[in-house]
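Only a predicted model underlies this, so the values are computations on that prediction, with no experimental measurement involved. Naming convention: chains lettered A, B, ... in sequence-line order (proteins, then strands); numbering from 1 in each chain.
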Amino acid sequence: MRLSKLFGKTQREIPAEAETASHQLLLRAGMIQQLAAGVYSYLPLGWRVLKKIENIIRDEMDKAGGQEVNMPVLQPFEMWQQSGRDQALGKVLFTLSDRRERKLALGPTHEEVVTELAKYNVQSYRDLPLLLYQIQVKFRDEPRPRGGLIRVREFLMKDLYSFDADEAGLDISYQKMREAYQNIFDRCGLPVMLVEADSGAIGGKDSREFMVVAESGEDEIIYCPGCNYAANAEKAVSVKEKIDNGKPLPVEEVATPGAGSIEEVAAFLKIPHHHTLKAVFYIADGKLVFVVIRGDLEVNEVKLNNQLKASELRMATEAEVIKAGLVAGAASPVGIKGFKVIADDSVNSGTNFVAGGNKPDTHLKNVNYPRDFKADIVADIASARVGDKCPGCGGILASTQGIEVGHIFKLGTTYSQKFDASFIDKKGESRPLVMGCYGLGLSRLMAAVIEQNHDEKGIIWPLPIAPYQLYLCPLYKEGAKVEEVTEKLYAELEAAGFEVLFDDRQESPGVKFNDADLLGMPIRVTVSPRTLEKGSVEFKKRSEKESELVPLDGIAARLKKMVTEFNSV
RNA sequence: CGGGGUGUAGCGCAGCUGGUAGCGCGCAUGGUUUGGGACCAUGAGGUCGGCGGUUCAAAUCCGCCCACCCCGACCA
């Protein structure tokens, strides 16, 4: 491709809209262009990258036994009501009406449709296992799109769905996908971390996310440097230390004038935070929920909602707390009635806690569970934190930010039961299909690659997904044979099967080198009067500082070797 | 949805106490240049986000709305 003809211009200035590295560089390189919040066009260079990623994914999906299909983006809204996910997804689901006022949704994911598809095409265990996938645009009306391609409302995603006869079969499909995913990320030159995750509105188990470590990542990963424990902070668990506070004593009232928060109460009574229990109030689908947790811990809302299964969960306002007849600052689970009480299992981690007294400026000493109050549910609903003990090896947990590029998990029979998708097993009995679901965001993957592979000059594409392999860069000078040699070289290299971006513009060397660095092709081939004097051209890898002179004859052979080396890394 | 910010040429920005819009980059033409964003000359390009109000007069003051960005909430 001749750069002089390429659609899309590079920009010197950093666009004011962009903050993350990948966003800035994609815009400056002329690879994407924004149309609306979280909606982008892909220009030729960006689109080539996406197609390369797509081909790698397709290759690995096919190798793992997947069959490619294409399902509708436009879906009847009733389907979402049938699965109940119109509620779970809420406003994230884009909806519209057709001319007959029938409500439709733009597909944010395809469990419903694929289950419907399988229902009519799978009758027997002989049809299983079945792996169906597609690479297609998805629509999600995000509350807040951000970071360029990191979180968008219209994006390319690969989604594969596995269908098996039983759990054992699902385990095999799941394992295959896990390996295929690892292969994909390896081939894209992207180191990933496999972490335990929550499965969200879809529901399911063995939920794992493939995370790319990046400062700009939206997810916090809690991991253990000592063993291989790693989890999304939404899901992460840590050891809750036992608090030794003596044998249970009788409950005792104590005046705590002016002390409301745990901070104040602990300071007033001169006790550590972990000798207290705090009450936190949430509104779950309009109802107030009373949450009890040890004073030094924080409630993890994802874990909390996994217990409550509410479609809308938020903290209660102070007004709502007061209206419910509770004493803000001194509310206590002891003696409380008429509320759903959820306790973190840390209430069992010690004895003689200080809790609210349900009277202003009053607290209770020596509160013990379950002697003094009962919870409807006792479960782990606390956030694991950096510095906590690892549940695996007892080491100290650390954290980092990550971008979720892939998510795999087991759905089981949730959807096959809702949509009555069953098959006849060996014994002639009808059974629901056992499903798994595996998503991978292409646009986001592209952004993540840049987050991990760039410098102050620009992008450094891993060779397998670079828009072009070579940046052919002649430095024209009258009288020298640069043009003649480069034109010939360009033709030769293309004939030899290389993907060449040929900077045939009449620009100064500075402009060309800077654009070459910005655009990030893996190998730059410079032809100039200086190199021609030595009968050579210059090779420079984008990822390295040094360049080398290579004799004119045998360039193609030399490049073949370089490309092979690149690919084997 | 709450908080903060920004909308002026393709991009980055200036434009005070109102007087009818400017700079740099880019773009076009001509010329001189050519190993890290060169230089000279000439030129094109703007409903100042939108609507309404105040005023003789609004990019500028006031009101409403919209869009986009950041933080939070939320997040398949």
Side-chain angles (χ1 to χ4, degrees), chain A residues 8-20 23-24 27-28 30 33-39 80 83 85-86 88-94 105-112 138-148 150-153 155 157 159 197-204 207 209 216 218-219 232 234 282-283 301-302 305 311-315 317 404 406-407 409 411 437-441 444 457-458 473-480 482-483 505-518 524 526-533 537-538 540 545 547 549:
Chain A
K9 292 257 189 302
T10 58
Q11 282 178 4
R12 275 182 211 204
E13 315 254 12
I14 297 168
E17 307 286 84
E19 256 180 30
T20 54
H23 191 194
Q24 291 181 351
L27 288 171
R28 284 189 56 211
Q33 187 170 309
Q34 185 172 25
L35 185 64
V39 181
W80 291 88
S83 69
R85 285 211 295 177
D86 58 326
L89 286 161
K91 288 180 176 171
V92 169
L93 198 61
F94 271 109
L106 297 180
T109 174
H110 282 70
E111 283 78 9
E112 284 80 358
K138 296 275 187 279
F139 293 89
R140 295 179 187 179
D141 196 357
E142 294 294 339
R144 184 150 90 85
R146 69 183 103 187
I150 292 179
R151 192 169 202 82
V152 290
R153 298 193 296 169
F155 59 101
M157 177 168 157
D159 45 330
D198 186 69
S199 43
I202 294 178
S207 174
E209 290 169 340
S216 55
E218 303 176 286
D219 291 296
N232 191 313
E234 294 175 348
Y282 284 87
I283 304 288
E301 290 186 15
V302 174
N305 202 27
S311 59
E312 201 196 322
L313 179 71
R314 60 172 174 83
M315 290 265 281
T317 61
E404 176 195 344
H407 194 174
F409 54 100
L411 291 169
C437 147
Y438 318 84
L440 199 165
R444 188 183 277 185
K457 286 283 192 180
C473 188
L475 302 179
Y476 297 125
K477 184 169 191 174
E478 237 166 286
V482 175
E483 185 166 2
R505 299 171 303 170
Q506 294 288 337
E507 287 287 356
S508 68
V511 171
K512 290 189 171 187
F513 289 152
N514 278 295
D515 276 344
D517 288 343
L518 174 59
R524 188 181 77 194
T526 308
V527 184
S528 74
R530 200 193 277 183
T531 64
L532 290 183
E533 262 173 38
V537 301
E538 178 197 86
K540 184 184 168 299
K545 269 210 152 84
S547 59
L549 284 178

- Message: Quick check: do A:Glu112 and A:Ser83 have side-chain heavy atoms less than 4.5 Å from each other?
- Response: yes
- Using whole Å, report how far CD of A:Glu218 lies from C1' of B:C70. 13 Å
- Salt-bridged, A:Glu142 to A:Arg151, with N to O below 4.0 Å? yes
- Item | By salt bridge (Lys or Arg N to Asp or Glu O under 4.0 Å) - contacts of A:Arg530 (at least two apart) | none
- Task: In whole angstrom, give the distance that lies between atom CD of A:Glu234 and atom P of B:C75.
- Result: 8 Å
- May I have the step-by-step check of salt bridge (Lys or Arg N to Asp or Glu O under 4.0 Å) for A:Glu111 and A:Arg85, ending in yes or no? CA-CA 10 Å; A:Glu111 283 78 9; A:Arg85 285 211 295 177; 2.8 Å; yes
- Query: Does NZ or CZ of A:Arg524 come closer than 6.0 Å to the centre of the six-membered ring of A:Phe513, within 45° of the ring's axis?
  - Reply: yes
- To the nearest Å, give me how far apart CE (A:Met315) and C1' (B:C1) are. 16 Å
- Message: Are A:Thr20 and A:His23 packed together at the side-chain level, in the sense that at least one heavy-atom pair is separated by less than 4.5 angstrom?
- Response: yes
- Taking atom P in both B:C62 and B:U17, compute the distance separating them and give it to the nearest angstrom. 10 Å
- Using atom OH of A:Tyr282 as one end and atom C1' of B:A73 as the other, report the distance to the nearest whole Å. 12 Å
- When rounded to the nearest Å, what value does the distance between C1' atoms of B:C25 and B:C64 take? 37 Å
- Taking the side chain as every heavy atom from C-beta outward, state whether A:Cys473 and A:Val527 have any pair of such atoms under 4.5 Å apart. no
- Below 4.5 Å, heavy atoms only, C-beta onward: do A:His407 and A:Ser207 meet side chain to side chain? yes
- Item | Contact summary for A:Arg153 and A:Ala37, nearest pair of heavy atoms | NE-O, 2.8 Å
- Item | Any side-chain heavy-atom pair of A:Cys437 and A:Asp159 under 4.5 Å | no
- Message: Within the 4.0 Å heavy-atom criterion, would you say A:Glu301 contacts the bases, only the backbone, or no part of the nucleic acid?
- Response: sugar-phosphate
- Lys/Arg-Asp/Glu bridge criterion (N-O < 4.0 Å) met for A:Arg146, A:Glu218: yes
- Expressed as a whole number of Å, how far does the C1' atom of B:G46 sit from that of B:U32? 33 Å
- Query: Mind checking the C1' distance from B:C13 to B:U8? Whole angstroms is fine.
  - Reply: 10 Å
- Any residue meeting salt bridge (Lys or Arg N to Asp or Glu O under 4.0 Å) with A:Asp86, in chain and number order, not counting sequence neighbours: none
- Task: Both distances under 3.5 Å, Watson-Crick or G-U wobble: on that basis, could you give the dot-bracket string for RNA chain B, with [ ] for crossing pairs and | for other-strand partners?
- Result: (((((((..((((.....[..)))).((((((.....)))))).....(((((..]....))))))))))))....
- Task: Could you check whether A:Ile14 gets within reach of a base, just the sugar-phosphate, or nothing at all, counting any heavy atom under 4.0 Å?
- Result: sugar-phosphate
- Task: Given side chain to side chain donor-acceptor pair (under 3.5 Å), test A:Thr531 with A:Glu538 step by step and report yes or no.
- Result: CA-CA 7 Å; A:Thr531 64; A:Glu538 178 197 86; over 6 Å; no
Please list, pair by pair, any protein nitrogen or oxygen found under 3.5 Å from a nitrogen or oxygen in nucleotides 65-69 of chain B.
residue : atom : partner : partner atom : Å
B:C68   : OP1  : A:Ala37 : N            : 2.9
B:C68   : O2'  : A:Glu17 : OE2          : 2.2
B:C69   : OP1  : A:Gln34 : NE2          : 3.0

- Message: Over all strands shown, is A:Phe155 touching base, sugar-phosphate only, or nothing at heavy-atom distances under 4.0 angstrom?
- Response: base
- In whole angstrom, what separates A:Glu13's CD from B:A9's P? 14 Å
- Task: Using the P atoms only, state how far B:C39 lies from B:U33, rounded to an integer number of Å.
- Result: 16 Å
- Query: Out of curiosity, A:Phe139 CZ to A:Met157 CE, how far, rounded to the nearest 0.5 Å?
  - Reply: 13.5 Å
- If you measure from the C1' atom in B:C71 to the same atom in B:G49, how many Å do you get, rounded? 24 Å
Below 3.5 Å between N/O atoms, which protein atoms pair up with nucleotides 40-47 of chain B? Just atom names and distances, please.
none

- For the residue pair A:Thr526 and A:Lys540, establish whether any side-chain heavy-atom pair is separated by less than 4.5 Å. no
- Task: Determine the interatomic distance between C1' on B:G36 and the same-named atom on B:C27; round to the nearest Å.
- Result: 23 Å
- Query: With nearest nucleotides of RNA chain B determined for A:Gly148 and A:Pro15 from heavy-atom distances, which residue corresponds to the more 5′ nucleotide?
  - Reply: A:Pro15
- Spell out protein contact along nucleotides 26-39 of chain B as letters: B when the base is contacted, S when just the sugar-phosphate is, - when no protein heavy atom is under 4.0 Å; keep the 5' to 3' order. S-------BBBBS-
